[in-house]
Amino acid sequence: MTTTPRTRPRVGWVVDVQNDFMRPDGRLYVHDLFNPADPGATEAEAAIIRTVEWMRRTCDVVVFTGDWHAYGDREIDPVAPDPKQETYPPHCMGLSNDAAERAGAQLIAEIDPGHEALVLPRDATDAAAVDIATRAIAERRPVFVQKSEFSVFKGNRAAHAFVETLRDLLGPPVDFVVCGVATDVCVKQAVEGMLDRELPVQVVTDATWSLGLLGAEEIHDQWAKRGATFITSAGLE
């Protein structure tokens, strides 16, 4: 497996590497829900950090996405959450009044771009998305895209205009290199949303982790049939 030659523009896309998902004491730690022995997302942390460092060196834009929830969001169920029904306990409560809950929504410190990042709020307009994408390229700044649902394209309606603007200004074609969690939920939604938009997608396989809802071979096969390619963090150049 090899990376696409650097003759083409490249966007790094980092999915939901937030405290509540990445830390074992997080409110929704990503691990195989059907295997008590699974160590979880901490096993992918080193590969994610390597991948983000590579993205910062080589990509034209680095985009971080994150669940940014409020009580009342469709997927938040404090009483009887059921992953099979796409509902989960409160997590990544970026709009909470409670500071501890908000902390769970922050990107892990090892990759957090902090105040350098431009923010695309979850209720952003298309006009705001165009402006943020344009500034990100011109100022070479990362972007944090907030979302209210698993899918960045459903949870932030301006995400479509955002990626279209990146494509228009950088290319096309533009390669989107994806890592993050969880492979079978938010990463799946991001990858498939990009494929729906006919964007070239490459997934860094060891820089992801799954909830065990779908097997890695099954999900990778689905993506490969639609044109996605795969690499490990050790193979990034």
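For the numbers below, each heavy atom of this structure counts, side chains included, while hydrogens, waters and symmetry mates do not. Not measured: the values here are computed from a predicted model.
Leu118 and Val130 fall into different hydrophobic clusters, where Ile, Leu, Val, Met, Phe, Trp and Tyr side chains are chained together by heavy-atom contacts under 4.5 Å. Two different hydrophobic clusters hold Met93 and Val119 under the rule that ILVMFWY side chains link at heavy-atom gaps under 4.5 Å. Taking hydrophobic clusters as Ile, Leu, Val, Met, Phe, Trp and Tyr residues chained together by side-chain heavy-atom distances below 4.5 Å, Leu28 does not share a cluster with Tyr71. By the rule that hydrophobic residues join a cluster once side-chain heavy atoms approach within less than 4.5 Å of another member, Tyr29 and Leu107 end up as members of separate clusters. Criterion: ILVMFWY side-chain heavy atoms under 4.5 Å apart, direct or through other members. Under it, Ile76 and Leu95 are not part of a common hydrophobic cluster.
Of the inter-residue distances, the one linking Cys179 atom SG with Arg50 atom CZ reads 11.0 Å to the nearest 0.5 angstrom. Taken to the nearest 0.5 Å, the CG atom of Leu213 stands 10.5 Å off from the CD atom of Glu218. Of the inter-residue distances, the one linking Ile111 atom CD1 with Glu45 atom CD reads 9.0 Å to the nearest 0.5 angstrom. Here the straight-line distance linking atom CG of Asn35 with atom CG of Leu211 works out to 12.5 Å at 0.5 Å rounding. With rounding to the nearest 0.5 angstrom, the CD1 atom of Ile132 is 12.0 Å from the CD1 atom of Ile137.
Ion pairing of Asp73 with Arg122 is present here, as a side-chain N (NZ or NE/NH1/NH2) and a carboxylate O approach within less than 4.0 Å. Salt bridge status for Glu53 with Arg56: absent, with no side-chain N to carboxylate O gap under 4.0 Å. Residues Arg226 and Asp196 are paired through a salt bridge, judged by an N-O separation under 4.0 Å between the basic side chain and the carboxylate.
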Q: Please report the C-alpha distance between Trp223 and Val187 in whole Å, then the side-chain angles of each, then the deciding distance to 0.1 Å, and finally whether the side-chain contact (heavy atoms from CB on, under 4.5 Å) criterion is met.
A: CA-CA 11 Å; Trp223 295 344; Val187 174; 4.0 Å; yes

Q) Does the side-chain contact (heavy atoms from CB on, under 4.5 Å) test come out yes or no for Arg74 and Glu86, once each step is laid out? A) CA-CA 9 Å; Arg74 181 194 64 79; Glu86 296 189 340; 3.9 Å; yes

Q: Test salt bridge (Lys or Arg N to Asp or Glu O under 4.0 Å) on Glu192 and Lys188 and set out the steps.
A: CA-CA 6 Å; Glu192 293 178 0; Lys188 179 177 185 291; 3.1 Å; yes

Q. After noting the C-alpha distance and the side-chain angles of Arg10 and Asp175, does the key distance pass the salt bridge (Lys or Arg N to Asp or Glu O under 4.0 Å) rule?
A. CA-CA 5 Å; Arg10 184 184 287 148; Asp175 294 312; 5.6 Å; no

Q.
Go through it in stages, so that I can follow the logic: the residues are Val181 and Val15, the test is side-chain contact (heavy atoms from CB on, under 4.5 Å), and I'd like the CA-CA distance, side-chain angles, deciding distance and then a yes or no.
A. CA-CA 6 Å; Val181 295; Val15 180; over 6 Å; no

(Q) Run Glu110 and Arg23 through salt bridge (Lys or Arg N to Asp or Glu O under 4.0 Å) and show every step you take. (A) CA-CA 12 Å; Glu110 291 83 355; Arg23 302 305 187 207; 2.8 Å; yes

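In this structure, the side chains of Val52 and Phe64 come closer than 4.5 Å at one or more pairs of heavy atoms. Between Ile231 and Thr205 the shortest side-chain heavy-atom distance does not fall below 4.5 Å.
Considering all non-hydrogen atoms of both residues, Ala158 and Ala124 come closest at CB-O, 3.4 Å. Of all heavy-atom pairs spanning Ile108 and Met22, the tightest one is CG2-CB, 3.7 Å. For the pair Gly12 and Cys59, the tightest heavy-atom approach, listed with the atom from each and the gap, is N-SG, 3.6 Å. Between Thr51 and Ala207, the closest heavy-atom pair is OG1-CB, 3.6 Å. In terms of heavy atoms, Gln18 sits closest to Ala105 at NE2-O, 2.8 Å. Contact record, Pro173 with Pro9: O-CD, 3.4 Å, taken as the closest heavy-atom pair.
With a 6.0 Å radius and a threshold of 12 heavy atoms from other residues, nucleotides or ligands, Asp221 has its CG atom above the threshold. When the shell of 6.0 Å around CD of Glu43 is examined, it contains more than 12 heavy atoms from other residues, nucleotides or ligands. No more than 12 heavy atoms of other residues, nucleotides or ligands shown are found within 6.0 angstrom of CD on Glu217.
Ring-plane geometry between Phe150 and Tyr88 is classed as perpendicular, the angle between the planes exceeding 60 degrees on a 0 to 90 degree scale with a lower cut at 30.
Side-chain polar atoms of Thr65 and Asp16 form a donor-acceptor pair below 3.5 angstrom. No donor-acceptor contact under 3.5 angstrom links the side chains of Thr87 and Asp82, judged on distance only. No hydrogens or angles considered: nothing links the side chains of Gln146 and His69 as a donor-acceptor pair under 3.5 Å. A donor-acceptor pair shorter than 3.5 Å cannot be found between the side chains of Trp54 and Glu237.
Arg197 forms a cation-pi arrangement with Phe153, by the criterion of a distance under 6.0 Å to the ring centre and an angle within 45° of the ring axis.
With Trp209 as the partner, the side-chain hydrogen bond (donor to acceptor under 3.5 Å, both in side chains) test is satisfied by one option alone out of Asp38, Asp32, Asp184: Asp38.
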